[in-house]
K.L.:
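Mind looking over this structure? Questions follow.
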Number of protein chains: 2
Amino acid sequence: MKTPDPPTAEPCPVARALDVVGDRWSLLILRDAFDGVRRFGEFQRSLGIARNILADRLRKLVEQQVLEVLPASDGSAYEEYGLTDKGAALFRVIVGLRQWGEDHLFAQGEAHSVLVEKKSGAPVGRMELRGRNGRALQAADTVVKK
Amino acid sequence: MKTPDPPTAEPCPVARALDVVGDRWSLLILRDAFDGVRRFGEFQRSLGIARNILADRLRKLVEQQVLEVLPASDGSAYEEYGLTDKGAALFRVIVGLRQWGEDHLFAQGEAHSVLVEKKSGAPVGRMELRGRNGRALQAADTVVKK
DNA sequence: CCGTATCCATTCCGATACTG
DNA sequence: CAGTATCGGAATGGATACGG
C-alpha cells in the first residue's frame, strides 16, 4: 500500500528531493533528457534499461511533474517525454554530479564528455555556491539552520 | 565477488558519479556528514536506517574514499567517519538537491531548514552555473560534447 | 557502543512474451 | 514503436540476535 504523499512529509529538502529523483535510473533518465532524448525507445537503448522499469520511472517522473508527455514533435503517432520547468531546474543537480565525477572519478588524461556553452563553444566553468561577498563557499563555511 | 573497479569504465561522468553515490541512503549519509554527523550510531538514529545497510553503505563510501575512518575525536574507543576532500567536494550535489527541493517540493509558506553562511548568518543564494559573461546558464544554453 | 550475522519480506531489475 | 504482463533471480531493507 502507498500513501497519497503530500509531497512526502519529510522536513528536509534534500530528503524530499531524493524521494522524487533519488535513484540511479531516474537520474540517468534526467541526464538523457537534458541531452535531448525524448522517446521511449531512445531512452531504452541509450540506458540499456529494462522496458518495464523504464515505463515505471517515466510514469513516476510524469506524476511528479518532472517530465511531461508531449503530443509528438515529428509527425509520428507516438508521444514524447519532455522536461517541465520543474524538471529543467534539476540541471544544477546533474551538473553537480557531472563535475564531481570529472574531478574525482577519472584518471589523469582519461577522456570524458564535456559540457560546453553553446554560444562560445567553450567548456563551462565550475559551478559554485557563492556567499555575500561573491566568493565561493565551501561546506565548512555554511551551516543548516532548522 | 566484486571486480576491482577501474572507477567503472562508464564514459559519462554523471553515470560514474552515480555508481558511487547514486542511491538514496548514500546521499542521505552524505547530507548528515555535511551536518556534522560522524558516529555510526548517530547516523543510525538520524536516518532510521537498518544497521546492516548502514554498515554496508559506510564501507562502500570508505572504499571509494568519499569517507574516511578517523581514530576518534573525543576520548572514546571508537572510530568516526569523516568526509575526505573527495567527499567534501560533493557539497554542490547536496546543495543542488536541497535548493531544488526547497524550490519545488514545499507548499507556499511551508517551513523547512535553511542553509546559511556561518559568518553572516544570512541564507545562501542560489547556486548557479555561470557562463563566460558571468550570467547564469540554463540547460538550454549548454550542450554535452563527446 | 559498534558492528556483524542471520532471517525474512519487499522491491528492483532484466528477459521474454504479448497487445495495440 | 510504445507500452503492459509476468516470471524468476538478485539486491535492498528492517528486525533481531549475537560478539568485540
Side-chain angles (χ1 to χ4, degrees), chain A residues 1-3 5 8-10 15 18-33 36-64 66-82, chain B residues 1-3 5 8-10 15 18-33 36-64 66-82:
Chain A
M1 213 12 169
K2 186 85 171 20
T3 65
D5 291 333
T8 52
E10 286 276 10
L18 290 175
D19 280 341
V20 178
V21 294
D23 77 281
R24 179 176 173 71
W25 284 131
S26 294
L27 287 166
L28 286 174
I29 288 169
L30 267 317
R31 177 204 61 178
D32 273 12
V37 173
R38 291 169 164 259
R39 299 283 286 255
F40 187 94
E42 249 186 310
F43 284 111
Q44 206 265 318
R45 280 188 308 279
S46 165
L47 298 173
I49 186 178
R51 307 173 73 92
N52 53 348
I53 302 296
L54 175 59
D56 176 74
R57 293 300 189 282
L58 288 174
R59 180 169 31 243
K60 284 176 179 165
L61 290 171
V62 170
E63 272 172 18
Q64 297 291 333
V66 170
L67 298 180
E68 61 187 338
V69 178
L70 300 171
S73 63
D74 55 355
S76 81
Y78 299 102
E79 293 166 326
E80 300 186 345
Y81 299 88
Chain B
M1 210 19 172
K2 188 82 172 20
T3 65
D5 290 335
T8 52
E10 287 275 9
L18 290 174
D19 279 341
V20 179
V21 295
D23 78 280
R24 178 177 173 70
W25 284 131
S26 295
L27 287 166
L28 286 174
I29 288 168
L30 267 317
R31 177 204 61 178
D32 273 12
V37 174
R38 290 169 164 262
R39 299 283 286 258
F40 187 94
E42 250 185 309
F43 283 113
Q44 206 266 315
R45 280 189 307 280
S46 164
L47 298 173
I49 185 177
R51 306 173 74 92
N52 53 348
I53 302 295
L54 175 58
D56 175 74
R57 292 299 190 283
L58 288 174
R59 180 169 31 245
K60 285 177 180 165
L61 290 171
V62 169
E63 273 173 16
Q64 298 290 334
V66 170
L67 298 180
E68 62 188 336
V69 178
L70 301 171
S73 63
D74 56 355
S76 81
Y78 300 102
E79 294 165 325
E80 301 186 346
Y81 299 88

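Here the structure is a predicted model, which is why all the values come from computation and not from measurement. Chain A is the first sequence line, chain B the second, and so forth, proteins listed ahead of strands; every chain is numbered from 1. Just so it is clear, the values below take in all heavy atoms, side chains as well, and ignore hydrogens, waters and symmetry mates.
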K.L.:
Let me know, please, whether B:R57 or A:G41 comes out on the 5' side of the other along DNA chain D by nearest nucleotide.
P.N.:
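Mapping each residue to its closest nucleotide by heavy atoms, the 5'-most match is A:G41.
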K.L.:
Could you tell me how far apart A:E80 (CD) and D:dA2 (C1') are, to the nearest whole angstrom?
P.N.:
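After rounding, the reported distance stands at 13 Å.
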K.L.:
Would you say B:R51 reaches D:dT16's phosphate, i.e. side-chain N/O to OP1/OP2 under 4.0 Å?
P.N.:
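B:R51 to D:dT16 OP1/OP2: no side-chain N or O under 4.0 Å.
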K.L.:
Pick base, sugar-phosphate or nothing for A:R24, based on heavy-atom distances below 4.0 Å to the nucleic acid.
P.N.:
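Answer is nothing: A:R24 stays at 4.0 Å or more from every strand.
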K.L.:
How long is the line joining CG of B:L27 and P of D:dT12, in whole Å?
P.N.:
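These atoms are roughly 14 Å apart.
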K.L.:
Side-chain contact, heavy-atom cut-off 4.5 Å: B:R51 with B:F40?
P.N.:
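With C-beta onward as the side chain, the pair touches.
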K.L.:
Would you indicate what B:R59 reaches in the nucleic acid, counting non-hydrogen atoms under 4.0 angstrom: base, sugar-phosphate, or nothing?
P.N.:
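Since only primed, P, OP1 and OP2 atoms lie under 4.0 Å of B:R59, the category is sugar-phosphate.
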K.L.:
Rounded to whole Å, please give me the gap between CG in A:L28 and C1' in C:dC13.
P.N.:
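My rounded result for the distance is 14 Å.
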K.L.:
For A:W25 and C:dC12, is the shortest distance between a side-chain N/O and OP1 or OP2 below 4.0 Å?
P.N.:
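No, because none of the side-chain N or O atoms of A:W25 sits under 4.0 Å from OP1 or OP2 of C:dC12.
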K.L.:
How long is the straight-line distance from CG of B:D32 back to CZ of B:F43, given to the nearest 0.5 Å?
P.N.:
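B:F43 atom CZ to B:D32 atom CG measures 6.0 Å (nearest 0.5 Å).
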K.L.:
Hey, does A:N52 reach any base, or is it just sugar-phosphate, or nothing, if we go heavy atoms under 4.0 Å?
P.N.:
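A:N52: base contact, heavy atoms under 4.0 Å.
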K.L.:
Taking only the side-chain nitrogens and oxygens of B:R39, find out if one of them lies under 4.0 Å from OP1 or OP2 of C:dC2.
P.N.:
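For C:dC2, OP1/OP2 do have a side-chain N/O of B:R39 under 4.0 Å.
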K.L.:
Mind calculating the distance between CG (A:D56) and P (D:dT6) to the nearest angstrom?
P.N.:
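From A:D56 CG to D:dT6 P: 15 Å.
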K.L.:
Checking base pairs now: Watson-Crick or wobble, both atom distances under 3.5 Å. What partners D:dT16?
P.N.:
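C:dA5 is the nucleotide pairing with D:dT16.
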K.L.:
Do A:E10 and B:R31 sit within salt-bridge range, that is, some charged N less than 4.0 Å from a carboxylate O?
P.N.:
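B:R31 and A:E10: not salt-bridged.
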K.L.:
Name the nucleic acid region contacted by B:Y81, choosing base, sugar-phosphate or nothing; use a 4.0 angstrom heavy-atom cut-off, strictly under.
P.N.:
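The answer is sugar-phosphate, as B:Y81 gets under 4.0 Å only of primed atoms, P, OP1 or OP2.
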K.L.:
Which residue, A:I53, A:L28, A:V37, forms the side chain to side chain contact (heavy atoms under 4.5 Å, CB included) with A:L47?
P.N.:
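The side chain to side chain contact (heavy atoms under 4.5 Å, CB included) with A:L47 is passed solely by A:L28 among A:I53, A:L28, A:V37.
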K.L.:
Could you check how far CZ of A:F43 sits from P of C:dG14, rounded to whole Å?
P.N.:
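Distance check: A:F43 CZ to C:dG14 P gives 16 Å.
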K.L.:
Mind calculating the distance between CD1 (B:I53) and P (D:dA10) to the nearest angstrom?
P.N.:
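Interatomic distance, CD1 of B:I53 to P of D:dA10: 18 Å.
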K.L.:
Quickly work out the B:I49 CD1 to C:dG3 C1' distance and round it to whole Å.
P.N.:
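It is 13 Å, rounded to the nearest whole Å.
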K.L.:
Could you check whether any side-chain N or O of A:Q44 sits under 3.5 Å from a backbone N or O of A:I49, counting only pairs where one atom can act as donor and the other as acceptor?
P.N.:
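Answer holds: yes.
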K.L.:
Take atom CD of A:E79 and atom C1' of D:dC1, then tell me their distance rounded to the nearest Å.
P.N.:
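The answer, rounded to whole Å, is 12 Å.
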